[in-house]
Structure formats: structure tokens, C-alpha cells
Protein chains: 2
Amino acid sequence: MAAVALGRREQNKLDKRARIIAAARDLFTRKGFEGTTSQEIADAAGVAGGTVFTYARTKDDLLILVFHDEMLDVVERAYVDAQDASQLLDQVIAFFGTLVAYHERDLPLARTLMRQLGYVGASEQRALVRELMRGLLGRLAFLLDAAQAKGGVAAATPLMPAARSLFAIYYFHLGGLLSGYLDRPRFDRALRTDLGLFLRGLA
Amino acid sequence: MAAVALGRREQNKLDKRARIIAAARDLFTRKGFEGTTSQEIADAAGVAGGTVFTYARTKDDLLILVFHDEMLDVVERAYVDAQDASQLLDQVIAFFGTLVAYHERDLPLARTLMRQLGYVGASEQRALVRELMRGLLGRLAFLLDAAQAKGGVAAATPLMPAARSLFAIYYFHLGGLLSGYLDRPRFDRALRTDLGLFLRGLA
DNA sequence: CAATAAAAATGAGCGCACTCATTTTCTGAA
DNA sequence: TTCAGAAAATGAGTGCGCTCATTTTTATTG
């Protein structure tokens, strides 16, 4: 197997990387992003202060490393949840509802995370975000495809643009929710209104 | 007039505030946001270092103060530009094109600004962003209203949700452009595709 | 098993955003 | 005019993200 093929050097790097990410996840969720210092992460991971920055160029990058895998899972779960509904609109709302529920476990952290996701610097992190977006838009496109087969969506509708627009509408309102412009009931109402308007146009 | 009614204290505050904002604008555009230190702004404005932070709670807040007025103007200009086109889709694309042109004068700064606008902390700044959004969505709603009168948009279409969704689609792609996921031609194509899809649904 | 080179880790140090105890400026009452 | 109290400005200080010259660890070669 691949692990055996790794030398001590590679193995140590993987271990250290995993320890740093685990320590960061733990501290971020317990003390918040701003409330956690890079030194604390280093201490918890058992490395020197500078070492953290050989695995993540900035503290912000660390945030993405930490939540990337977790969010991939959430997207998958959202897709499964969505299929409980029968109408496309309800499916899409269930899909985004799962994402929001995830964010609501820790709103300040979600705020920091979304802010960071929207404007990534390092190209390594961009690849992670791209992967995440591809997965997310792909799931939405699946839902649209199924609805198209059942006649709820016009046959000529291009699926990726439609999926992108659905997400764009969600993303816009999510920003409002996380920034405090919208409370949850208003968010739900606005999201349903706007997604409904869009999907009616596709029928 | 109002100016006369102000005491020395109020007048000084206004002067200082204006000097700080002007100095910040100048330095941000010449040296970039990260390239400018709060001390440089203070020096250029002729105040002590700490004084800057009595007018803006953070350096990020300063960014919003600096560009708020400017962006209101750009939105107004975008609205005027939009009316040169005859089709609604072209109007909306011209509208957003003006905004993009503004951002393209300084992409790194635009990136920082958009990132900040999306997730504002202080409530004073939130009021500014709200004002900006209201102006922007209002203009889009005007365009939709005019198109509705000419029959290009279904009579039953709720205008604010439609305007919000148009902006959401633009905002999503703008993030891609500013973060380097999209170059300008791809951005233009994606925007036209997605806005077109949405507007066709309103017809 | 050296000897050498390359990679990785280290931690003291730096720059900058932001704070806060102190000082200065202003106002309105006596 | 004087003066007390409030508001605002000040700038030295603090903490933290991040850097980088140095040290330590690992791989390679003879």
C-alpha cells in the first residue's frame, strides 16, 4: 500500500500536518478563530511556532484546510436530505437548509469561514475551494436533471448555469444571514421567494 | 446654515474625519490596502496614530468609509449607462459592466473591498452597506419595472426578488473574477449566460 | 559507516493593527 | 473670566501573525 512506500520524512510530514489541522480544528471550535493564536495551535500540535506556517501560508489558509473535508461531507449529506422532498423547489430548499444548519452550529466561525472561502489567496487553497464548488454545483445539477426528466424543468435548460444561479441566490442570502442583515425567518422567506421565482422561470 | 451651527468641537471632528478619509483614499490607491499602515494614514492626515481608530474602529472599516460615496456614484452611473441599451438583458449587462469597469481600475483593492463589504462587522458600516445595496437593487428594480411596462417581463413578477437575484448572480461571478477563478472573457460569458437564463424565465 | 547535501523545523525577532492611561482641548455654568 | 467636567487626541505599549537565519533531521553516495 501507499503508506509503506513513504519514507520517514514523508510520514513525519503527514503526521505533523494532521496534528496541526486537528489542533486547529479543536481550538477554532472551542475558542473561535480570532480567539486562537497560531502559537496555541503549534503548542497543541507539539511543534514550534514557525512550523505551522510551513503547512499553511497564513492562519486563514489553515481555516480552509480544517473545514474542507467536513464541508464536502455536508454537501453530500445535503444532497441525500434533498431527495426526501418531491418538488424541486422543496428539494433545493432542503439542500441549502442542511448547509445552513451546519453553519448555525457556530455562526461566528461560519462567518469567518465564508468570508475566507469567497476570497482565497493561495492557489493551493483555491484548488480546495474549486473542488468544493464542483461537488456542490454537481449535486444541484443532479437535482435539476432529475426534475428535467420528470418534466418540471424545460428540456432546453442548461443545467450548470441553472445550478450556479441557484447557488448564487443562496450565497447572497447566506451572506445576509451571517452578517446579521437577516434573521433566520427572513432568510428562509427570502430564499424560498427567490429560488421559487427562478425555478418557475425554468418550468 | 448647518455649518454655522456647529461648535468648534464638531467642526474639528468633521475636518479631521475628512482628512483621515482623504489620506486613506490616497494611500490605498497608491500603495494598496495591505501596503498602507495606519500610522502612514495618521501622518498624512496630521493626527496621532491612535486618532485614526477613534474615527474607524478597524482599518477595514476605513476601507468602507473611503469607498462608500464613490460607489454610490458608480451605481448611479451604471444606471445611466444601462439605459443606452434597449433590451433588458443588455441593460442589465451594461449596468454590471460599469461596476466591473470600476473594480478593474484596481483589482487587488476591489478584492479587498468586496471581501470586506460582504462581511461587515461594525453596525455603523452595516448601515452604509445597506444604503449602497438599497440604491443598487432599486436601480435594477427600475430597469425591471420599465421592461415590465413594455411587456418584456411578466406582469406578476415581484420586482425586488428579481432584482436581488440578478445581483446575486453578478455578485457570485464577481467573486470568481476577483479571486482569479475567472478571467474577464469567461466572466462576461458566464454572466451573460446566467442572467439571460434568469430573464428568459421572467418573460 | 562517514561525509555531504537537501529538506524540514526551530524560535527569536519584526512590523503592524489596535489599546488605554494620560494629557489636551473645548464647553457651558457660575 | 474662571473653572470643573466632558470629549477628544495622544503615543507609548501590547499581542499576534508571520519571517528568516540557524540548527536539526533525513536521504544519498562512496
Side-chain angles (χ1 to χ4, degrees), chain A residues 3-21 23-24 27-28 31-66 112-113 115-116 119-122 124-125, chain B residues 3-21 23-24 27-28 30-66 109 112-113 115-116 119-122 124-125:
Chain A
V4 175
L6 295 176
R8 174 137 62 209
R9 176 165 260 151
E10 311 292 326
Q11 198 49 256
N12 277 347
K13 276 189 73 171
L14 287 181
D15 285 355
K16 223 160 258 190
R17 191 187 134 99
R19 285 200 327 262
I20 289 171
I21 290 179
L27 287 165
F28 286 165
K31 312 180 51 178
F33 181 73
E34 281 88 6
T36 301
T37 69
S38 62
Q39 189 60 54
E40 286 175 313
I41 296 170
D43 291 346
V47 299
T51 304
V52 168
F53 295 98
T54 67
Y55 289 86
R57 292 234 292 274
T58 67
K59 197 185 169 192
D60 288 343
D61 285 357
L62 207 46
L63 194 67
I64 292 187
L65 287 180
V66 163
T112 311
L113 179 61
R115 183 185 157 133
Q116 183 56 19
Y119 294 89
V120 194
E124 190 200 335
Q125 317 298 329
Chain B
V4 174
L6 296 176
R8 176 142 54 211
R9 177 165 260 156
E10 310 292 326
Q11 198 49 256
N12 277 347
K13 276 188 72 170
L14 286 182
D15 285 354
K16 225 161 257 191
R17 190 187 135 99
R19 267 172 16 232
I20 289 171
I21 290 179
L27 287 164
F28 286 165
R30 285 199 297 108
K31 311 181 52 180
F33 182 73
E34 281 88 6
T36 301
T37 69
S38 62
Q39 189 58 55
E40 286 175 315
I41 295 170
D43 291 346
V47 299
T51 304
V52 168
F53 295 99
T54 67
Y55 289 86
R57 291 233 293 274
T58 66
K59 197 185 168 191
D60 287 344
D61 285 357
L62 206 47
L63 193 67
I64 293 188
L65 287 180
V66 163
L109 195 58
T112 311
L113 179 61
R115 183 184 156 133
Q116 183 55 20
Y119 295 89
V120 194
E124 190 200 334
Q125 316 299 329

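In the text below, chain A, chain B and the rest are named by the order of the sequence lines, each starting its count at 1.
- B:Q11 contributes atom CD, which lies 5.0 Å from atom CG of B:D15 (distance to the nearest 0.5 angstrom).
- One can place CZ of A:R19 at 15 Å from P of C:dA8, the figure rounded to the nearest angstrom.
- Between B:R9 atom CZ and C:dC26 atom C1' the separation is 4 Å, expressed in whole Å.
- Each of B:K59 and A:N12 was matched to the nucleotide of DNA chain C holding its nearest heavy atom; the match closer to the 5' end belongs to A:N12.
- Rounded to an integer number of Å, the gap from CZ of A:R17 to P of C:dA7 is 19 Å.
- Using modelled atom types, one side-chain atom of B:E40 and one backbone atom of B:T37 make a donor-acceptor pair closer than 3.5 Å.
- The side chain of B:T54 places no N or O atom within less than 4.0 Å of a non-bridging phosphate oxygen (OP1 or OP2) of D:dA8.
- Contact annotation: B:T37 side-chain N/O to C:dC16 OP1/OP2 distance is not under 4.0 Å.
- Residue B:S38 has a polar side-chain atom (N or O) positioned under 4.0 Å from OP1 or OP2 of C:dA17.
- Remark: C1' of C:dC18 and OH of B:Y55 are 17 Å apart, rounded to the nearest angstrom.
- Counting only heavy atoms from C-beta outward, the side chains of A:V120 and A:D60 never approach each other to under 4.5 Å.
- The distance from atom CZ of B:F53 to atom P of D:dG11 is 15 Å, rounded to the nearest whole Å.
- The nearest whole Å value for the distance from the CD1 atom in A:I20 to the C1' atom in C:dA9 is 10 Å.
- Using a 4.5 Å heavy-atom threshold, the side chains of B:F28 and B:I41 count as touching.
- If you check every strand for non-hydrogen atoms under 4.0 Å, A:V47 touches sugar and phosphate atoms only.
- In this structure, CG of A:L62 is placed 12 Å from C1' of D:dG17, rounded to the nearest angstrom.
- The listed nucleotides are C:dG11, C:dA6, C:dT19; the one nearest the side chain of A:A48 is C:dG11.
- One finds a side-chain N or O of A:K16 lying less than 4.0 angstrom from the OP1 or OP2 phosphate oxygen of C:dA9.
- Residue-to-nucleotide proximity on DNA chain C shows that, of B:D60 and A:E10, the 5′-proximal contact is made by A:E10.
- No more than 12 heavy-atom neighbours from other residues, nucleotides or ligands sit within 6.0 angstrom of CZ on B:R17.
- The interatomic distance linking A:D61 (CG) with D:dT19 (P) rounds to 11 Å, in whole Å.
- Listed pair B:K13 / D:dA8 meets the phosphate criterion, a side-chain N or O lying under 4.0 Å from OP1 or OP2.
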